[in-house]
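Everything numeric in this text was worked out from a predicted model, so none of it was measured.
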Amino acid sequence: MTEITAPTLVVAGGPTSHLPQHELARMTTRIPAARLVTVAAGHAVPTTRPAEFAAAVRSFLVGLPGGPER
């Protein structure tokens with residue numbers, strides 16, 4: 001079995017995404033250092049809601065050891 005050990009950000013697109021949101025939530029619980037963020041944008045979060053996507057990524061990276069400062 002392969003395991004993800006790196007801190008992981010899972011970005012979900014909310015109820016209009018074609019990906020089952022409950023599966024993304026389930027996947028997040030199986031990765032030890034994972035965080036789930038939902039941006040109501042459907043499947044193309046980075047292009048549909050770029051500012052919210054960037055904020056989620058930045059918040060995640062700031063929380064990592066050696067990550068950028070606030």
Side-chain angles (χ1 to χ4, degrees):
M1 172 172 22
T2 303
E3 294 185 18
I4 299 171
T5 58
T8 304
L9 176 64
V10 178
V11 179
T16 60
S17 174
H18 70 279
L19 298 173
Q21 300 302 285
H22 70 279
E23 291 295 337
L24 295 176
R26 183 174 153 266
M27 176 180 67
T28 303
T29 66
R30 298 185 66 179
I31 302 171
R35 183 190 319 172
L36 174 65
V37 174
T38 300
V39 178
H43 180 66
V45 176
T47 56
T48 305
R49 298 275 178 100
E52 290 177 46
F53 176 75
V57 171
R58 178 149 183 83
S59 175
F60 176 75
L61 293 175
V62 164
L64 297 177
E69 295 181 20
R70 293 186 187 262

| query | Nearest heavy-atom pair of A12 and Q21: which atoms, and what distance? | reply | CB-OE1, 3.0 Å

| remark: Those residues at least two apart in sequence (or on a different chain) that pass side-chain contact (heavy atoms from CB on, under 4.5 Å) with T28 are V10, A34, L36

| message | Please check: side-chain N/O of T8 versus main-chain N/O of A6, any donor-acceptor pairing under 3.5 Å? | response | yes

| field | Contacts of type side-chain contact (heavy atoms from CB on, under 4.5 Å), residue A55, not counting sequence neighbours | value | none

| task | Taking side-chain contact (heavy atoms from CB on, under 4.5 Å) as the test, write out the residues that go with A44, two or more places apart. | result | T47, T48

| note | R35 meets the salt bridge (Lys or Arg N to Asp or Glu O under 4.0 Å) criterion, sequence neighbours left out, with none

| query | Could you give all pairs that pass the salt bridge (Lys or Arg N to Asp or Glu O under 4.0 Å) test and reach residues 9-18, with sequence neighbours left out? | reply | none

| message | Distance check, rounded to the nearest 0.5 Å: L24 atom CG versus T38 atom OG1? | response | 8.0 Å

| remark: Residue pairs meeting ring-ring contact (aromatic ring centres under 6.0 Å, His included), one or both in residues 11-62, sequence neighbours left out, come to H18-H43

| said: Checking the side chain of S59 only, and the main-chain atoms of A56 only, is there a donor and an acceptor separated by less than 3.5 Å? | reply: no

| Residue list, side chain to side chain donor-acceptor pair (under 3.5 Å) with E52, at least two apart or on another chain | R49

| Going only through I, L, V, M, F, W and Y residues with side-chain contacts under 4.5 Å, is there a path from I4 to L9? | no

| Is there a path from V11 to L61 through hydrophobic residues (I, L, V, M, F, W, Y) whose side chains come within less than 4.5 Å of each other? | yes

| task | Give a yes or no on whether V37 and V57 share a hydrophobic cluster (residues Ile, Leu, Val, Met, Phe, Trp, Tyr; joining criterion: side-chain heavy atoms under 4.5 Å apart). | result | yes

